[in-house]
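The structure appears right after this line, and notes come after that.
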Amino acid sequence: MTNKGRRYGMKIGFVGWRGMVGSVLRERMHEEGDFEYLPDRIFFSTSNVGSQGPPVAGEQPLEDANSITALRKCDIIVTCQGSEWTSRTYPQLRKRGWKGIWLDTASALRMEKNSVIVLDPLNREMIKEGLKSGIKTFVGGNCTVSLMLMACHGLFKKNLVEWINSDTYQAASGAGARYMQELIKQMVSISEVSNPVADALELDRAVIERLRSPDFPTESFGVPLACSLIPWIDRAVKAGQMGQTKEEWKGFAEANKILGTKTPIPIGGICVRIGAMRCHSQALLIKLKNDIPLNEITKIIADANEWVRVVPNKEETTIDQLTPGAVSGTLTIAIGRLHKARMGSTYLRAFTVGDQLLWGAAEPIRRALRIILGTL
Ligand code: NAP
């Protein structure tokens, strides 16, 4: 452990560490040596109090994530547990006078006045200003929002965006660990009935029959996702929100909060769940404020941050590099299919793919923790 690490004698509590986002967060923290800065750590559980935690917890048994008294011991709480737990726990903690820093992946507190949504390549100054001004609640953004902002960072930086339409192709992991498991269960169930030598029509009938069978595993999604898709994510937002789902509404609300826009940029689109495992993809139509040549746009996008990678708009490169299969498990934010749309020379088309568990969830939280500790 470095001396710098020792200086931070803070108690850090981890909640939700065994879920999808929590597991990826721990993995990344190991890779980056972050635990070196956090000698005094406590792992909590909502379901397995007293049992053995992850290896990094050492001998310490898991503490109770539903005990306000136990949580109050922490100077910083990092939670990947979910909105239901946050909504139940956070107000009680604050009511009991807890003044620590709350770092959360769930959406519950994102739009609170006294919270900052963290995505430091775009809003590092906002995070630092927040810390200076006494903000104590920091929240990771919605995955599609963070990935879209990372991909289009250069265009926002240069204030070139009039509006964006983003239609999404979102992975099962966005819904959590159980949903990824169910997607594979559905695939296995389909493979059991599908005879690969059958002719295509026969095969199709067998698959449809299986999808519609009452035995088909749909406890989590409610409907088949494998060999299908679900054009609805999260609940409907209240009247006045133009028929959007909450996931679609977040595209506008959270993106503008992260960007700190005075005049909000209209952002919309239809969010669709597809059978990818952990990469979200988005087809973008971007209305630019000015007519800028495509080679300049490409450079602006490519130079914006160290993770964005422009994929040339060619068949070989696109099918090789601009897919969930290629991007999954990496910090790369791939963006390609860049071309001007038929609507006019200020309309830009693009397609972007990013790992929603990395830059879409765990990475902004990991980095925010380092910023809070003053080590990034
Ligand atoms: P998750 O995988 O469902 O895990 C959340 C908690 O569920 C775990 O910490 C665990 O708590 C419990 N759990 C129950 N069954 C489990 C199982 N089979 N495997 C692992 N854990 C299980 O949720 P998540 O996807 O990590 O999301 C956590 C929060 O982050 C949510 O609010 C989500 O909206 C938000 N978020 C998620 C993503 C994403 O990419 N998934 C992106 C951005 C934000 P105990 O150990 O206490 O039982």
Side-chain angles (χ1 to χ4, degrees), residues 13-28 42-54 57 61-67 70-71 77-90 102-111 115 117-119 138-150 168-185 217 219-221 233-235 245-247 250-251 254-255 258 271 273-274 276-281 324 327-329 354-366 368:
F14 289 91
V15 187
W17 52 270
R18 84 174 173 111
M20 262 338 288
V21 180
S23 303
V24 173
L25 176 64
R26 276 186 295 126
E27 238 173 56
R28 283 291 298 139
I42 309 177
F43 286 80
F44 290 85
S45 170
T46 61
S47 60
N48 222 357
V49 180
S51 302
Q52 188 75 39
L62 293 171
E63 296 217 18
D64 185 358
N66 292 316
S67 159
L71 291 165
I77 292 172
V78 181
T79 166
C80 308
Q81 186 63 26
S83 280
E84 196 267 323
W85 181 83
T86 292
S87 305
R88 192 161 25 90
T89 312
Y90 177 88
W102 182 271
L103 186 52
D104 199 340
T105 56
S107 63
L109 303 172
R110 279 184 202 144
M111 296 310 292
S115 74
I117 304 182
V118 295
L119 188 63
F138 296 86
V139 190
N142 168 267
C143 37
T144 36
V145 173
S146 298
L147 295 173
M148 185 274 286
L149 290 177
M150 289 290 289
T168 72
Y169 307 75
Q170 298 185 215
S173 62
R178 278 186 305 122
Y179 292 77
M180 292 172 86
Q181 287 157 348
E182 185 167 282
L183 172 62
I184 299 303
K185 271 194 220 156
E219 293 80 13
S220 299
F221 285 112
I233 299 179
D234 209 340
R235 59 186 162 80
T245 64
K246 182 121 190 263
E247 187 78 0
K250 286 173 183 172
E254 291 186 20
I258 292 169
C271 293
R273 183 80 65 205
I274 58 148
M277 281 299 268
R278 57 180 277 181
C279 270
H280 287 350
S281 306
V327 172
S328 193
D355 187 313
Q356 65 90 219
L357 288 167
L358 287 165
W359 270 116
E363 194 63 6
I365 293 289
R366 186 192 74 76

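Atoms within each ligand, like the ligands themselves, are counted from 1 in listed order.
In this structure, F14 and F43 have parallel ring planes: the angle between them is below the 30° cut-off, well short of the 60° mark.
Checked by distance only, ligand 1 and S173 come closer than 3.5 Å through their nitrogen or oxygen atoms. At least one N/O-N/O distance between R18 and ligand 1 falls below 3.5 Å. Ligand 1 has no N or O atom lying under 3.5 Å from any N or O atom of R178, backbone or side chain. Among the atoms of V21, some N or O lies under 3.5 angstrom from an N or O of ligand 1. Checking only distances, M20 does come within under 3.5 Å of ligand 1, N or O to N or O.
The shortest contact between atom 48 (O) of ligand 1 and any protein heavy atom is with S47 OG, 2.5 Å. Shortest contact from atom 23 (O) of ligand 1 to any protein heavy atom: G176 CA, 4.2 Å. Closest to atom 19 (N) of ligand 1 among all protein heavy atoms lies A177 CB, 3.8 Å. In this structure, atom 34 (O) of ligand 1 lies nearest to the protein heavy atom A106 CA, 4.8 Å. Looking only at heavy atoms of the protein, atom 39 (C) of ligand 1 is closest to Q356 NE2, 3.3 Å. Among protein heavy atoms, atom 18 (N) of ligand 1 sits closest to Q181 OE1, 4.0 Å. Atom 32 (O) of ligand 1 has as its closest protein heavy atom G82 CA, 3.1 Å.
Checking T46, V145, I365 against atom 45 (P) of ligand 1, the nearest heavy atom belongs to T46. Here the shortest heavy-atom distance to atom 36 (N) of ligand 1, taken over T86, N66, T105, D64, belongs to T105.
By the criterion of a heavy-atom distance under 4.0 Å, neither the backbone nor the side chain of S23 is placed next to ligand 1. Contacts between Q81 and ligand 1, counted as non-hydrogen atom pairs separated by less than 4.0 Å, involve both the backbone and the side chain.
Annotation: side chain of V24 is not in contact with side chain of E363 (no heavy-atom distance under 4.5 Å).
At a distance under 4.0 Å, a protein heavy atom can be found next to atom 11 (O) of ligand 1.
Put simply, the side chain of S328 never gets that close to the backbone of C279: no donor and acceptor are under 3.5 Å apart. Between the side chain of E182 and the main chain of S220, a donor-acceptor pair closer than 3.5 Å is present.
In this structure, CH2 in W85 is found 9.0 Å from OG1 in T46, a value given to the nearest 0.5 Å. Rounded to the nearest 0.5 Å, atoms OG (S281) and CD (Q356) are 11.0 Å apart.
Side-chain contact of D64 with S67: a donor-acceptor pair under 3.5 Å is absent, judged by distance alone. A donor-acceptor contact closer than 3.5 angstrom is absent between the side chains of R110 and N142.
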